[in-house]
Amino acid sequence: MTEKTPQQHTDLPNAWNPADEEAALYQRWVDAGYFTADASSDKPPFTIVLPPPNVTGSLHMGHALNHTVMDALTRRRRMQGYEVLWLPGMDHAGIATQNVVERQLANEGVSRHDLGRERFVERVWEWKAEYGGKILDQMRRLGDGVDWSRERFTMDETLSRAVQTMFKKLYDDGLIYRAERIINWCPRCHTALSDIEVDHSDDDGELVSIRYGDGDAAIVVATTRAETMLGDTAVAVHPDDERYAHLVGTEVELPLTGRRIPIVADKHVDPEFGTGAVKVTPAHDPNDFEIGRRHDLPMLSIMDERAVITAHGPFQDMDRFEARPAVVAALREQGRIVAEKRPYVHAVGHCSRCDTVVEPRLSLQWWVNVEPLARAAGDAVRDGRTKVHPPELAKRYFDWVDNMHDWTISRQLWWGHRIPVWYGPDGETVCVGPDEQPPTGEGWHQDPDVLDTWFSSGLWPFSTMGWPERTADLAKFYPTSVLSTGYDILFFWVARMMMFGLYAMDEAQPFDHIYLHGLIRDANGKKMSKSRGNVIDPLDWMDRFGADATRFTLARGANPGADMALAEEWAAGSRNFCTKLWNATRFAIMNGATVATPLPAAEDLTEADRWILGRLAAVVSEVDELLEDFQFAKATNALYHFTWDELCDWYLELAKVQFSGDKAEGTRAVLGHALDTVLRLLHPFIPFITERLWTTLTGGESLVVAQWPSADALPAADATAGARITDVQKLVTEIRRFRSDQGLKPGQRVTTRLSGPGFAALAGHEEAIRSLARLGDPGEDFAATASLEVSLASGAATVEVDTSGTIDVAAERKRLQKDLAVAEKELKQTEGKLGNQAFLDKAPAEVVDKIRVRRDTAAADIERITARLNSLPS
RNA sequence: GGGCGCAUAGCUCAGCGGAAGAGCACCUGCCUUACAAGCAGGGGGUCGCAGGUUCGAACCCUGCUGCGCCCA
């Protein structure tokens, strides 16, 4: 104990300051080319394409979570010897970007129409150059190991070429067509929207019942959108509805218009709802449109693209929300309002980009016939070519792809991929491929519309690799390995990529695995939103706790498919973990921890050394297994507990004792090796601090390209050593509990004599036990004032203590009584089971044996504790 | 209206057929020479309710209640 361990100097500062080091570490990785994929490599490929963030967007917690997942996946595979490609980029976000630039123009007092199409698109590119893609810099702060040399943008020339190629291919195969249908129209963005770009919410509205016609011919209809009655071209009832049978085939006068409209019978009318009669507005309602088609009704549009009434009469030029009460008032004046219900809560569609209430509108648009594509997309998951994690979410995927409606792909915007179709003077329609010349001459013009952004991002897994060219990247890196995204984006994007990928790439699925993470919520499980004011900014966390702590917090909460609650305390906990790792490694280096291989032979190691190596091997296996199954939360929690509780706590304390023993070299090697391994395992999650520590500890080039640990490389677990250390831990813990109950200060050395058969088996660990429990050696004049017995696997150990004063008998009695109560409960439970013949007959033998052992242990404990209690002075 | 999921410690969540767990929060004592962003000890749960299956149920089944999500 007198010989002092020489302490080495390290170049590690006293504390880890992420802000000082992260940027430089990241730049070093990029400069070294670690993230640049090599298509000519012989290594097996591992590919992830980054879900392209919106060019207008900035990093939020959802990104941070998804990026943490992808970075962990790719960093681990890289360490495992794969040729890793993680491909970054952005999408052009048609509506969102156009909105941003239009707002900018509005501030200058001009509209896009003032500028003209060509100049406007130039302005968008200028905007992108100046303000777009902030998120890419923010990704660097997170530590994303993406291949920047392959960064892509959906409006890049090659990706635009892919879009045009795909359009042409679908068109030629008859899977793209043009048709006039009811679409979701945003009167603010002035464009069509697909079904999934519409968010439904339950809003307060009104339900107005209107009487059409008079006398015997009168019929009452109810509507939440009274103004649309101006466009009614029929009233429909169910064919079996006897109430109205006599009216079917007759006509009724439509109030306010003087028009006469037919009463038709249609079996899609629900006779139970309202009066059982519905007004039919084929040009402004999808269901009415279908009724209109079946009965060959006129399709009367009564609003323009701004949702302003165009129908002649007193309501002309009124906005739809102005027209609604005006129409109701006019009807009321005529005595035609039968009933009014306000508020009437009903589902209303809103534009997902600007929240304006969507107006169903009859309009000529381009469509994708999704039926064959969606079937293939479903089949790829059904037959296991693509696996969904967690598997429960596959059902939701099937529900979607198996019931998908045709997809409106044209958008009335200027920013995006223009539809490659030209119309001729005599009604010709020509679809032009990327290498073809569009027809020229009098009367030819291109379709003015652009394609839905999801059309181009649906091609992302292969357009980014150069499709339709047969590039080396495609050959090497497609199909991609994993697609990681939130489950909320399953329909928007994942299904589209599946459809397009299978179709364009000869039935090759775009990814082997789909990992779906949950949504980020606040500490109370509420959705984060600006209006709630509960948004946590990942950049703020990175500033205050470091990128590693931010990532580790997200990884520890990442249970597949499950939402995750976040609070600052979580990040602080992760920061504390990083600090612990830092201090432990610094301590190890100061004490000469080594990483030379191979490890010393078993006989040159202590039981503590062999125990921690066994635990290390178990953790390596466990973490590997969990990560193969996308169980990030469980894997990081296993690492957290092993690192903190076992390595940095028990083993490090044991190592302190061993440094002055005769197996100190072995201890230095085991400590160094264990830290080396743990840093490798943690690197995919907390890359910065592990890199800094590992390069200092080992002198290696970089953890990014270090080898992933293998449990096979570690010595087999030593069961005896494991049992001994477990006993040491139990003995130390029991002594500490006694000390605490007796009010003995943690720092105070307490003179103690250890004995008994249980202790005899641990004799080699006496110094460690004395150190960990802060016990002094008994001198000649040792006189115990108290004693306790601890039952260990190796038998009972006796601990006699000189507390240098009176013992707190009441505290000691309380402690023993508590132990007694536990043992008695255990005895009662186990005896109950063993007294049940059915249990003895039917339960497996090993379960019965286990219960017997527990019963015997409990009985022995009761006897021991009772004796101890009786011996206490009263 | 159709479908799915969740109800376990104050909070957020693991556990999913054989002894109730973690993180944070809380209480007590400690600046014990890696670490107070720390150390040691401690309290706290009839596992939503009611039935059923089983030798045995937080875990499987049925119903109910309360939340949440998706689709229409």
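Because the structure is predicted, anything quoted here is derived from the model rather than measured. Lettering follows sequence order; numbering is per chain, from 1.
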B:rA34 base to A:Arg586 side chain: any donor-acceptor pair below 3.5 Å? no

Within the 4.0 Å heavy-atom criterion, would you say A:Glu653 contacts the bases, only the backbone, or no part of the nucleic acid? base

Does OP1 or OP2 of B:rA14 have a side-chain N or O of A:Lys634 closer than 4.0 Å? no

Gap between atoms NZ and C1', on A:Lys833 and B:rG17 respectively (whole Å): 10 Å

Using whole Å, report how far CG of A:Asn403 lies from P of B:rC4. 14 Å

Would you mind classifying the nucleic acid contact of A:Leu652 as base, sugar-phosphate or nothing, using non-hydrogen atoms under 4.0 angstrom? base

What is the nucleic acid contact for A:Gln837, judged by heavy atoms within less than 4.0 Å: base, sugar-phosphate only, or nothing? nothing

Between B:rC13, B:rU32, B:rC24, which one does the side chain of A:Arg774 approach most closely? B:rU32

Assigned partner base of B:rA40, Watson-Crick or wobble definition, under 3.5 Å: B:rU28

Using Watson-Crick geometry (N1-N3 plus N6-O4 or O6-N4) or G-U wobble (N1-O2, O6-N3), each under 3.5 Å, B:rG23 is paired with B:rC11

When rounded to whole Å, the CG to C1' distance for the pair A:Leu654 and B:rA34 reads 15 Å

May I ask you to decide whether A:Lys730 forms a salt bridge with A:Asp727, counting only side-chain N to carboxylate O separations under 4.0 Å? no

From CE of A:Met404 across to P of B:rA72 the rounded distance in Å is 11 Å

From CG of A:Leu626 over to P of B:rG15, roughly how many Å is that when rounded to an integer? 11 Å

Which part of the nucleic acid, if any, lies within reach of A:Ala843 when heavy atoms closer than 4.0 Å are counted: base, sugar-phosphate only, or nothing? base

Contacts under 3.5 Å, N or O only, protein and nucleotides 37-48 of chain B:
from   : atom 1 : to       : atom 2 : distance (Å)
B:rA37 : O4'    : A:Asn576 : OD1    : 3.1
B:rA37 : N3     : A:Arg575 : NE     : 3.3
B:rA37 : N3     : A:Thr579 : OG1    : 2.6
B:rG38 : OP1    : A:Asn576 : OD1    : 3.4
B:rG38 : OP1    : A:Asn576 : ND2    : 2.9
B:rG38 : O3'    : A:Lys580 : NZ     : 3.3
B:rC39 : OP1    : A:Lys580 : NZ     : 3.0
B:rC39 : OP1    : A:Trp644 : NE1    : 2.8
B:rA40 : OP1    : A:Asp649 : OD2    : 3.1
B:rG41 : O2'    : A:Ser740 : OG     : 3.1
B:rG43 : OP1    : A:Lys818 : NZ     : 2.4

Nearest-neighbour nucleotide for the A:Val847 side chain, B:rA34, B:rG18, B:rC4 considered: B:rG18

Assign A:Cys578 to base, sugar-phosphate, or nothing according to its heavy-atom contacts below 4.0 angstrom with the strands shown. nothing

Pairing partner of B:rG18 (Watson-Crick or G-U wobble, both distances under 3.5 Å): B:rC55

What's the gap between B:rG48 and B:rC6 when it is taken at their C1' atoms, as a whole Å value? 11 Å

A:Asp488 atom CG is separated from B:rC71 atom P, nearest whole Å, by 10 Å

Which nucleotide sits closest to the side chain of A:His641: B:rC13, B:rA22, B:rG18? B:rA22

With respect to the phosphate group of B:rC30, does any side-chain polar atom (N or O) of A:Lys745 fall under 4.0 Å of OP1 or OP2? yes

Take atom CG of A:Asn637 and atom P of B:rA22, then tell me their distance rounded to the nearest Å. 12 Å

Contact nearer the 5' end of RNA chain B, comparing A:Arg396 with A:Gly743: A:Gly743

Out of B:rC55, B:rA19, B:rG3, which nucleotide sits closest to the side chain of A:Ala838? B:rC55

